[in-house]
Amino acid sequence: MALERHQWPLVLLSLALAACGQQESHQQPETLSEPKIETQSSESVNDTQTTLVQFPGGDTDSDSASASFVRLPKVVGGYTVTIDQVPYLVSVRKRIVHEQIFGQGHFCGGAIISQRVVCSAAHCYAINTTERQDYYRPELFVVLAGMSVLDRMDQFVQEYYVQQIVGHEHYDSRTLTNDIALLFLNGYIPWESKTVKAVPLANDPPMAGTSCLIHGWGMPRKWDKVITLQQAPVPILNKDLCRFIYKQPESQMCAGFLQGGIDACQGDSGGPLVCNGFLAGIISWGVGCADPGFPGVYTNVSRFLEWIRAVNLSFNYYDYRDMRLLNGQTAGSSINSGLLASAILMIIIVAVGLL
């Protein structure tokens with residue numbers, strides 16, 4: 001039955017209001033009821049929610065002695081590997097840059113520790129210009145996993161918006177103590193992929209002399225034609241030596257060669273230090289890149305196991321938010337249906353007037 005001309009506005013408005021009332025549904029994988037974070041002793045933690053976050057990229061500008069030579073730590077002196085060898089490594093990017101040009105916007109790394117959680121460094125997301133520690137909004141970032149070449153999209157690459165960021169409540173931007181943050185992804189990582197998997201957490205700090213691995217793409221430069229994933233071995237150094245060089249607390253450790261030559265560098269911050277297959281450290285800071293006498297400094301993951309468990313339990317693994325909005329409405333919330341209906345009604349009125 002054909003509709004009369006005067007009936008169209010009511011029909012269109014009804015359809016618009018119905019669309020506003022619909023809510024997006026997220027089909028959840030069968031394994032959703034048992035998300036876990038694995039630790040070295042194979043004990044697991046049920047994942048079940050919390051929030052916080054520095055805009056990627058700047059050196060600390062405090063007056064403290066340690067902050068005066070802090071650098072955002074590219075793996076120097078390493079060799080090329082593929083992502084299937086380090087499937088837990090992710091690239092964290094500035095979303096607004098990444099969405100304009102694929103491969104751009106990378107500023108920090110991270111390690112997957114559960115099917116919705118990435119472990120990274122707090123200084124990557126902290127705003128250091130405030131007296132009270134604040135973090136940038138999570139919708140400003142995007143996480144890419146499963147890639148060997150930083151600017152190459154293929155069938156293995158998986159992309160996730162960041163739904164929530166929780167930085168350690170005692171993170172100090174001047175000294176970079178407690179430099180750890182968890183990113184809660186707005187998507188569920190399928191374990192079927194060979195190029196995207198979690199890394200278990202170390203229960204204890206590695207002993208001095210242990211050979212560990214660091215990974216990253218570094219910070220892309222204009223003359224870099226291809227930015228391939230790099231890996232390098234670094235030895236854990238004696239605690240007393242690290243304290244002598246940096247006066248570092250128990251929450252930090254250092255690794256590298258005193259003669260220099262191999263180290264993490266700018267763009268690798270937040271990436272993993274993996275020892276014997278376990279996440280033992282997070283790339284945090286250093287003096288220069290692979291400079292003699294100044295090994296790299298890493299957050300000691302084993303000192304934060306209880307914190308990681310508590311934050312992980314605070315995440316709601318059943319909550320998926322609308323992260324499409326960068327301007328206007330705050331991402332993570334629903335669009336105001338009243339405003340949307342009004343806008344659609346105005347469009348209908350104009351359209352009918354043109355009939």
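Quick caveat: nothing in here was measured; it's all calculated off a predicted structure.
Scanning both residues, P249 and T177, for their nearest heavy atoms gives CG-CG2, 3.5 Å. Contact record, V142 with E159: CG2-CG, 3.5 Å, taken as the closest heavy-atom pair. The two residues C275 and T210 have their closest heavy-atom pair at CB-CG2, 4.3 Å. Nearest approach of Y88 to P272, heavy atoms of both residues: CE1-CG, 3.8 Å. Between G281 and L279, the shortest heavy-atom contact is O-CD1, 3.4 Å. Closest approach of L150 and S91 over heavy atoms only: CD1-OG, 3.7 Å.
No side-chain heavy atom of Q164 sits less than 4.5 Å from a side-chain heavy atom of V311. A 4.5 Å side-chain heavy-atom check between Y160 and V90 finds every atom pair outside the cut-off. A 4.5 Å side-chain heavy-atom check between L182 and I113 finds at least one atom pair inside the cut-off. Side-chain atoms of Y136 and I127, non-hydrogen and from C-beta on, do get closer than 4.5 Å to each other. Two residues are said to be in side-chain contact when any heavy atoms from C-beta on lie closer than 4.5 Å; Y161 and E139 fail this criterion. Using a 4.5 Å cut-off on side-chain heavy atoms (C-beta onward), S269 and W285 make no contact. Using a 4.5 Å heavy-atom threshold, the side chains of I308 and I180 count as touching. Between V199 and F278, every side-chain heavy-atom pair lies at or beyond the 4.5 Å cut-off.
Note that CH2 of W191 is 6.0 Å distant from CD1 of I112, once rounded to the nearest 0.5 Å. Taking OG from S251 and CH2 from W307, the interatomic distance works out to 12.5 Å, rounded to the nearest 0.5 Å. Here the CE-CG distance, from M323 to L140, works out to 9.0 Å after rounding to the nearest 0.5 Å. Between the OG atom in S302 and the CG atom in D204 there is a gap of 6.0 Å [rounded to 0.5 Å]. Note that the CG atom of D151 and the CD atom of Q104 stand 7.5 Å from one another [nearest 0.5 Å]. With values rounded to the nearest 0.5 angstrom, Y171 atom OH is found 9.5 Å from T299 atom OG1.
Not a single donor-acceptor pair under 3.5 Å links the side chain of N238 to the backbone N or O of A208. With hydrogens and angles disregarded, no donor-acceptor distance shorter than 3.5 Å links the side chain of Q252 to the backbone of D179. Checked by atom type and distance alone, the side chain of Q100 never pairs as donor or acceptor with a backbone atom of V97 at under 3.5 Å. Without hydrogens or angle criteria, S148 side chain to I83 main chain gives a donor-acceptor distance under 3.5 Å. Using a distance-only test at 3.5 Å, with no hydrogens or angles considered, a donor-acceptor pair links the side chain of S120 to the main chain of G109. Listed for the Q231 side chain is no donor-acceptor partner under 3.5 Å among the backbone atoms of Y79. With hydrogens and angles disregarded, a donor-acceptor distance shorter than 3.5 Å links the side chain of Q163 to the backbone of D319. Although no hydrogens or angles enter the test, the distance criterion places no donor-acceptor pair under 3.5 Å between the side chain of K239 and the main chain of M253. A donor-acceptor pair is defined here as one N or O able to donate and one able to accept, closer than 3.5 Å; no such pair exists between the side chain of R116 and the backbone of F184.
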Between N178 and D172, is a side-chain contact (heavy atoms from CB on, under 4.5 Å) present by the stated rule, with each step listed?
CA-CA 7 Å; N178 305 308; D172 188 330; 5.9 Å; no

Checking side-chain contact (heavy atoms from CB on, under 4.5 Å) for the pair L229/Q85: CA distance, chi angles, key distance, verdict?
CA-CA 10 Å; L229 177 58; Q85 296 172 271; over 6 Å; no

Using the side-chain contact (heavy atoms from CB on, under 4.5 Å) rule, take F304 and L201 through it: C-alpha gap first, then chi angles, then the decisive distance, then the call.
CA-CA 10 Å; F304 297 95; L201 308 180; over 6 Å; no

Mind running side-chain contact (heavy atoms from CB on, under 4.5 Å) on T80 and Q230 for me, showing each step along the way?
CA-CA 5 Å; T80 300; Q230 299 290 299; 3.0 Å; yes

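Checked against side-chain contact (heavy atoms from CB on, under 4.5 Å), S211 has the following partners two or more places apart in sequence or in another chain: P233.
No close placement of the Y320 and Y188 rings is indicated, their centers lying 6.0 Å or farther apart.
The neighbour count for F156 CZ, taken as heavy atoms of other residues, nucleotides or ligands under 6.0 Å away, does not exceed 12.
Between L273 and the options L213, N300, I236, a side chain to side chain contact (heavy atoms under 4.5 Å, CB included) holds for only I236.
The hydrophobic cluster containing V297 also contains F244, counting ILVMFWY residues as joined when their side-chain heavy atoms lie under 4.5 angstrom apart, directly or transitively.
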